[in-house]
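Just so you know, ligand 1 is whichever comes first in the structure, and atom 1 is the first atom listed for that ligand. All values derive from a computational prediction rather than experimental measurement.
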Amino acid sequence: MTADTDTRTDVPALRVESVSLRFGGIRALDDVSFTMQPGTIHALIGPNGAGKSSCFNVICGVYKPTEGSVHLGDTQLTGMKPNRLARLGIGRSFQNIALSLGSTVLDNVMLGRHTLMSGGFLAAGVRAPWMVRQERRHVERATEICEFLGIGRRLHEPVSALPYGVAKLVDIARALAVEPTVLLLDEPAAGLNAVETAEIALTIRSLRDALGISILLVEHDMGLVMSIADRVSVLDFGKLIADGEPAAVRENPEVIRAYLGAGEES
Ligand SMILES: Nc1ncnc2c1ncn2[C@@H]1O[C@H](COP(=O)(O)OP(=O)(O)O)[C@@H](O)[C@H]1O
Ligand SMILES: [Mg+2]
């Protein structure tokens, strides 16, 4: 699969700058800064409760940070709604799959595609020929994305009938359907067995290689990220405690302490 050059622009870096996020008295994020370079797999790790999902949700517009900002290249993203972010090239998966279970795989992936469509595709009634052509082109691309993820034969199956590991791939396909330049994955391996985890690691790497996009991989499991990440940022109690290449981060005493302190959860 190659990038859809009709919709793709250059891939800018994504910057998280001095972001803090409070929930009442809880400081979920405390002055967190890091930069995702174009075309890299950037892992955001940390023990449970470290603030990974909070950071993810700030980047994809679900939470507005109490302080700080997020930029994609020169564009300030802070405070933008998820739909607008999707149009700017931020695609996201969900930690707990958020698919329409009664709909088919293709219909779910097409939902991601709708953010790219123009001319009121969803409006019933009027169907100009160009709209039909546009829809056909989007169905072809959605199909291509599913084939790349190995779910091309499941297009017309309802998501409710799929094993969990396959449904996770549908969620990633839907995120890719917005033609993101930055793909955000929140714990893509959660709930998967060892074989499925190894497969998803290969899939993530091949996506980056094929599309040239940046992938933010939020993961609790250090083993998975160390094998595929180009760069790793580590959160602990809402603070960034390390940021660098996997080998250096793995040796970092503060990171080791954070993970040991988390006991069996890590
Ligand atoms: N919506 C929320 N309301 C209140 N507290 C929250 C909310 N979301 C997360 N938190 C708290 O923020 C901290 C970080 O949580 P989270 O970002 O989910 O961590 P992680 O994804 O690393 O496990 C935790 O203390 C959590 O209880
Ligand atoms: Mg989380």
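For Ser53, the nearest N, O or S atom to the Mg ion (ligand 2) falls under 2.8 Å.
Interface atoms of ligand 1 facing Tyr63, defined by a heavy-atom separation under 4.0 Å, are 1 (N). Within ligand 1, counting atoms from 1 as listed, the ones closer than 4.0 Å to a heavy atom of Ser53 are 17 (O), 18 (O), 20 (P), 21 (O). Within ligand 1, counting atoms from 1 as listed, the ones closer than 4.0 Å to a heavy atom of Asn48 are 23 (O).
Aromatic ring centres of Phe56 and Tyr63: separated by at least 6.0 Å.
Salt bridge Glu179/Arg141: present, at least one basic N to carboxylate O contact under 4.0 Å. Glu254 has no carboxylate O lying under 4.0 Å from a charged side-chain N of Arg257, or vice versa, which leaves the two without a salt bridge.
In terms of heavy atoms, Cys55 sits closest to Phe34 at SG-CE2, 3.9 Å. Taking all atoms of both residues into account, the shortest heavy-atom contact from Ser69 to Val19 is O-CG2, 3.6 Å.
Under the 3.5 Å distance criterion, with hydrogens and angles disregarded, a donor-acceptor pair is assigned to the side chains of His138 and Arg113. Of the N and O atoms on the side chains of Asp243 and Ser233, at least one donor lies less than 3.5 Å from an acceptor on the other residue.
Residue nearest to atom 16 (P) of ligand 1, selected from Gly238, Gly46, Ser54: Ser54 (by heavy-atom distance).
Here Phe237 has no heavy atoms under 4.0 Å from ligand 1, in either its backbone or its side chain.
Using a 4.0 Å cutoff on heavy atoms, Gly51 counts as a contact of ligand 1. Residue contact annotation: Phe56 has no non-hydrogen atom under 4.0 Å from ligand 1.
An N or O contact shorter than 3.5 Å links Gly49 to ligand 1 by distance. Close N/O approach between Ala50 and ligand 1 is found [any backbone or side-chain N/O within under 3.5 Å].
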